[in-house]
Amino acid sequence: MLGKGEAPGHQTPAHLHKDDGDDDAPSGVVKLISAEGFEFVVDKKAAMVSNTLRNMLTSPGGFSETREGEVRFPEISTPILEKICQYFYWSLHYSSGKETSEFQIEPEITLELMMAANYLDT
């Protein structure tokens with residue numbers, strides 16, 4: 001995950017970007033844009049963790065999100081969208097169930113994060 005203007009300490013660990021050989025997975029990247037205009041470029045496979053994003057990016061009919069691979073979230077702040085992107089990669093990494101790890105959520109962002117996760121159907 002890369003963010004425009006992102007501090008080096010906030011990047012997703014490289015091991016979460018590994019290709020697991022799933023040929024059916026969507027390829028490429030998608031840009032997620034927060035309310036403040038901060039851009040997160042994430043693997044499309046990671047974005048597909050969200051059913052809402054999956055529908056936006058794969059729907060027929062020529063929607064701009066499908067054509068441009070870019071989704072704007074005017075109601076989701078940068079820190080919340082960053083945490084959501086981290087969750088996408090965490091979910092991909094631990095979805096097999098062979099390994100487990102708790103996804104850390106800071107108490108002060110819990111409510112806002114839950115509302116965004118509900119919207120994204122994550």
Not counting sequence neighbours, which residues clear ring pair (Phe, Tyr, Trp, His ring centres under 6.0 Å) with Tyr87? List them please.
Trp90, Phe103
Using a 4.5 Å cut-off on heavy atoms from C-beta on, say whether the side chain of Leu32 contacts that of Cys85.
yes
Could you list the residues that satisfy side-chain contact (heavy atoms from CB on, under 4.5 Å) with Thr100, not counting sequence neighbours?
none
Ile33 with Val29, same ILVMFWY side-chain cluster at under 4.5 Å
no
Test: salt bridge (Lys or Arg N to Asp or Glu O under 4.0 Å). Region: residues 104-122. Which pairs qualify, not counting sequence neighbours?
Lys83-Glu106
State the CE-CE distance between Met56 and Met48, to the nearest 0.5 angstrom.
12.0 Å
Heavy-atom closest contact (Val30 atom, Gly69 atom, distance):
CG2-O, 3.1 Å
All heavy atoms of Thr78 vs all of Ser34, minimum pair found to be OG1-OG, 2.7 Å
For Ile80 versus Ala116, what's the shortest heavy-atom pair and its separation?
CG2-CB, 3.8 Å
Take Leu81 and Phe73 through the side chain to side chain contact (heavy atoms under 4.5 Å, CB included) test and state the conclusion after the steps.
CA-CA 9 Å; Leu81 190 55; Phe73 297 102; 4.1 Å; yes
Which heavy atom in Ala47 sits nearest to a heavy atom in Leu53, and how many Å separate them?
O-CB, 3.6 Å
Are Val71 and Met115 grouped together when hydrophobic residues (ILVMFWY) are joined by side-chain heavy atoms under 4.5 angstrom apart?
no
Would you compute the distance between atom OH of Tyr94 and atom CD of Glu102 and round it to the nearest 0.5 angstrom?
11.5 Å
For residues Ile84 and Tyr119, determine if any side-chain heavy atom of one lies less than 4.5 Å from a side-chain heavy atom of the other.
no
The test is side chain to side chain contact (heavy atoms under 4.5 Å, CB included); show your working for Tyr89 and Asp43 and say whether it passes.
CA-CA 9 Å; Tyr89 284 100; Asp43 295 322; 3.3 Å; yes
On a heavy-atom basis, which atom in Ala46 and which in Leu92 lie closest, and how many Å separate them?
CA-CD1, 3.4 Å
Give me each pair satisfying salt bridge (Lys or Arg N to Asp or Glu O under 4.0 Å) with a member in residues 28-38, each pair once, sequence neighbours excluded.
Lys31-Glu39, Lys31-Glu70
Is any side-chain heavy atom of Asn118 closer than 4.5 Å to one of Met114?
no
Over all atoms of both residues, closest heavy-atom pair of Ala35 and Pro74
CB-O, 3.2 Å
Would you list the pairs meeting side chain to side chain donor-acceptor pair (under 3.5 Å) in which at least one residue belongs to residues 59-69, sequence neighbours left out?
none
